[in-house]
Each structure stands twice: as structure tokens, then as C-alpha cells.
Amino acid sequence: MIGGAAGPAVAGTPAGQPVQSRAATVDVPAGVSAGVAVFDRRTNTFTEQLNPSTGFRSASVVKLLLALDYLWNRGPDYTVPPTARAWLEPMLRSSNDDAANTYWSGNGGTTIITRMVSRLGLADTAPPPTGYEGYWGYTALSARDTVTIYRYLLDSAPAPVRDFVMGNLRQSTRCASDRFDQHFGIAGAFEKPWAVKQGWAGSSYEKGTCGPPRVAAATGTASPPPAAAAGVDLTRPALHSTGTVGAGDRSIVAVFTLHPVGTSYGKAYTDIGRLTRSLNVPGAARPAGWWYGTWSDHVNVRPTPGTGASPITQLPAGVEVLVGCQARGERVSVPPYTNEWWAYLPQYNGWISNIYVDSPDNKMPDVRDC
């Protein structure tokens with residue numbers, strides 16, 4: 001059959017959302033719990049605050065504190081030797097868990113958090129709960145404390161420390177070490193320059209399919225969690241996006257989210273994207289294009305509008321994507337549907353068949369031709 005895109009629409013995903021200026025209020029999708037803080041370094045004011053002091057399990061955002069703890073007493077020149085770079089750089093750029101596990105177990109575990117709370121004057125940060133001391137991802141962290149961490153890095157840390165940590169965050173890889181696509185939230189909502197440290201944890205998240213296969217070791221969030229500890233939810237899937245946006249790191253952004261049990265990675269990825277795009281972030285440039293939902297598991301992103309070349313990566317199942325334009329290419333069939341139009345995804349520098357786009361027609365009605 002020719003005509004009509006294949007597949008069901010993702011619930012709550014309008015077909016073809018054009019890029020908008022920010023919403024009047026923070027857009028928190030249904031079922032999502034969020035803690036948000038946006039700090040404008042030019043005016044020294046918060047432009048957004050939503051549950052800023054609420055503690056969330058940090059997942060990999062705590063790796064910022066692990067890196068700072070390592071660097072704290074390395075003065076006066078703060079040189080990072082090659083052996084340390086070999087684990088610090090993958091931990092900061094690609095969220096490598098093996099590096100965090102090794103540092104946590106070898107340098108005092110929960111005392112790392114206690115040290116950094118005292119050093120930085122963090123108000124809401126706490127070590128993992130009793131019985132889970134080995135799990136760094138259960139560290140409690142709030143949006144406002146995350147702003148404090150970045151303000152220290154940018155305004156108070158020795159220049160070599162600032163340059164090392166922020167330089168690595170600017171080189172965040174799309175594919176994390178565990179093969180999850182980590183360019184959600186800030187990295188998807190805004191054009192560069194940005195620097196990000198992301199976090200994710202949830203038993204309902206399907207196996208990551210981004211990048212080359214990797215055999216993963218047990219991570220700092222791998223244990224079945226307790227129901228709660230000290231008011232911090234350790235059960236619902238978490239997805240967090242933190243970092244800086246704009247020239248001169250003008251805005252610090254911290255977005256922490258929890259999603260209903262059973263939420264897929266693609267759905268959580270879409271929801272934190274919508275929330276982040278709604279924020280008032282001074283200095284941010286927003287990408288041009290149209291937001292569309294996708295369907296099917298792990299859609300291949302190709303370097304050209306055809307199936308001949310190997311995929312660049314795969315999309316999280318059902319994720320919303322930014323479409324820059326569309327063009328005719330190889331005809332793709334997913335019975336009973338057939339489609340020859342392809343969508344260009346500028347944030348991936350690649351193409352997906354329109355057959356996997358939630359649109360009423362083979363050709364998206366509002367998207368320009370490439």
C-alpha cells in the first residue's frame with residue numbers, strides 16, 4: 001500500500017510540533033516528577049525553579065563529585081596524569097560506570113560524598129542509604145545543589161580543574177559507555193555551545209543500542225533498589241540532564257526527572273526533552289526543525305536516505321526526534337505500508353525512513369524538502 005505512514009502514533013505526541021519559543025510555564029509531562037533549576041550567570045538570578053531542593057537519586061550526575069574529589073588536592077598545578085585521564089575522561093564524557101565503581105570502592109565510598117558536601121556547602125546532597133553504601137548512583141542530589149556544583153566549577157575552582165572538567169563535558173559523546181543515547185534534555189533542546197553531565201537509571205529501560213556492542217560490568221546502580229530512603233525515591237526510572245548552555249557558559253541548567261514504573265527509555269527521553277525545551281534559558285539557541293514522534297524498536301539512523309550503508313546508530317524505541325527536512329530516497333516497505341520519503345535528523349547527522357515517523361501521510365505536511 002502506498003500512502004499513509006506505518007505504525008501507531010505515540011500517545012501524547014502531536015504530529016509535527018514546530019520548534020516554539022519557551023512555554024509560559026515549565027512543561028512537566030503527565031506522570032513525571034521533576035526538580036528544576038536554571039541559573040543565569042550574567043544576572044546572578046534563577047530564571048526557573050521547580051522543586052529545586054527536592055532530593056533525587058543522582059544516577060551518574062554524582063560523577064561530577066567523584067571527579068572533583070579526585071582533583072581536590074592535586075595543586076598547585078593540578079596536573080592530571082595519563083593513568084587518571086584514562087578513567088576520568090570516559091567517566092565524564094561517556095558516563096563510564098567501571099571508572100566510577102573503581103574510584104568509589106578505592107577512595108572511601110560514601111565518605112567521598114561527605115567530603116564534597118562539606119567542601120562545596122551542599123544543602124540537599126547525602127550519601128546512599130544504609131545497606132546500599134556501595135551504590136554511588138543512590139547518592140541524593142537536588143537541582144539547586146547541582147547549580148552550586150557548576151557555580152563552583154565555573155567561578156571558584158582552580159583554572160586547571162575548571163578547564164579539565166568542563167572541557168570533558170563539552171565533549172560528551174552521544175553514545176555512552178553502556179550504549180545508551182545520552183544526548184537528551186539539554187543536548188537535544190539547545191544548539192551548542194553546551195556542556196552536559198547526564199544521568200539515567202531504571203529497570204524498565206531497554207538495553208542500550210547506541211554505538212558498538214560492549215560487555216558491561218556491574219554498575220553503581222545495578223542492585224534492586226529499596227522502596228525509598230530519607231525521602232528519596234529509588235524505585236521509579238530516573239533521567240537527568242545537567243550542564244551549561246550558551247556562550248561563556250551563561251546559563252546553568254539542572255533537570256531531574258522520575259517517570260512512572262515501566263516507562264521506556266524512549267518515552268522518558270521524549271518527556272525530559274519537552275520539559276527542557278519549555279525552560280527559560282538565557283543565552284540558549286534553539287535548533288530549527290519540527291519535532292515528530294517515531295514508532296518501532298531501535299530505528300536505524302543511516303548516513304544517506306537508503307538502507308545500503310551501515311547505520312550510524314539506532315534511536316531509542318519510540319523517541320521524539322527533530323526533523324530538519326525530508327527527501328525522496330530508497331523505497332522502504334513494512335507491510336502493509338510502503339514509503340520512499342526520508343527524514344533528515346540534524347542532531348544525528350543522519351536519516352530515517354518516514355515510514356517510522358508518526359505522520360498521517362508518507363510526506364510530512366509541514367516539513368520542508370531538503
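Hydrogens, waters and symmetry mates play no part in the numbers below; they use all other heavy atoms, side chains included. Bear in mind the structure is a predicted one, so any value in this text is a computation, not a measurement.
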**OP:** Any salt bridge (charged side-chain N to carboxylate O under 4.0 Å, His left out) involving residues 288-299? Give me the pairs, sequence neighbours left out, ordered by first then second residue.
**Re:** none
Original post:
Can you list every pair that meets salt bridge (charged side-chain N to carboxylate O under 4.0 Å, His left out) and has a residue in residues 122-136, with sequence neighbours left out?
Top reply: D124-R144
When you compare the side chain of [Y] with that of [X], does any pair of heavy atoms fall below 4.5 Å?
| X | Y | answer |
| --- | --- | --- |
| T294 | E320 | no |
| F39 | N44 | yes |
| L234 | P129 | yes |
| V332 | T338 | no |
| R274 | V28 | no |
| L279 | V26 | yes |
| D178 | W200 | yes |
| I352 | Y344 | no |

Original post:
What are the two closest heavy atoms between V367 and Q326, and how far apart are they?
Top reply: O-NE2, 2.9 Å
Subject >> side chain to side chain contact (heavy atoms under 4.5 Å, CB included) evaluation trace for L239 with Y265 >> reply: CA-CA 9 Å; L239 203 61; Y265 193 67; 3.7 Å; yes
Below 6.0 angstrom between ring centroids: does that apply to [X] and [Y]?
| X | Y | answer |
| --- | --- | --- |
| Y78 | F164 | no |
| W295 | Y356 | yes |
| W72 | Y152 | yes |

Original post:
Listed by chain and number, what are the salt bridge (Lys or Arg N to Asp or Glu O under 4.0 Å) partners of D369, not counting sequence neighbours?
Top reply: K363
Subject >> Those residues that, when tested against R250, pass salt bridge (Lys or Arg N to Asp or Glu O under 4.0 Å) (two or more places apart) >> reply: D40
Between the side chains of [X] and [Y], is a donor N or O closer than 3.5 angstrom to an acceptor N or O?
| X | Y | value |
| --- | --- | --- |
| W87 | D98 | no |
| T257 | H259 | yes |
| Y150 | D155 | no |
| S172 | H183 | yes |
| K63 | S60 | yes |
| T313 | R174 | no |
| N96 | S94 | no |
| N362 | E340 | no |

Original post:
Going through the checks in order, is the side chain to side chain contact (heavy atoms under 4.5 Å, CB included) test met by I272 and S241?
Top reply: CA-CA 8 Å; I272 195 174; S241 185; 4.1 Å; yes
Original post:
Would the number of heavy atoms belonging to other residues, nucleotides or ligands and lying under 6.0 Å from CZ of R42 be above 12?
Top reply: no
Which donor-acceptor pairs under 3.5 Å do the side chains of residues 185-197 make with protein atoms, sequence neighbours left out?
from	atom 1	to	atom 2	distance (Å)
W194	NE1	F190	O	3.2
K197	NZ	S95	OG	3.0

Original post:
Does NZ or CZ of R368 lie under 6.0 Å from the centre of the six-membered ring of W290, at an angle within 45° of the ring axis?
Top reply: no
Subject >> Test side-chain contact (heavy atoms from CB on, under 4.5 Å) applied to R57 and L141, T235, L258, the passing residue >> reply: L258
**OP:** Quick one: list whatever passes side chain to side chain donor-acceptor pair (under 3.5 Å) with T111, sequence neighbours left out.
**Re:** R115
Original post:
Say you draw a straight line from CG of N280 to OG1 of T47; how long is it, rounded to the nearest 0.5 Å?
Top reply: 4.5 Å
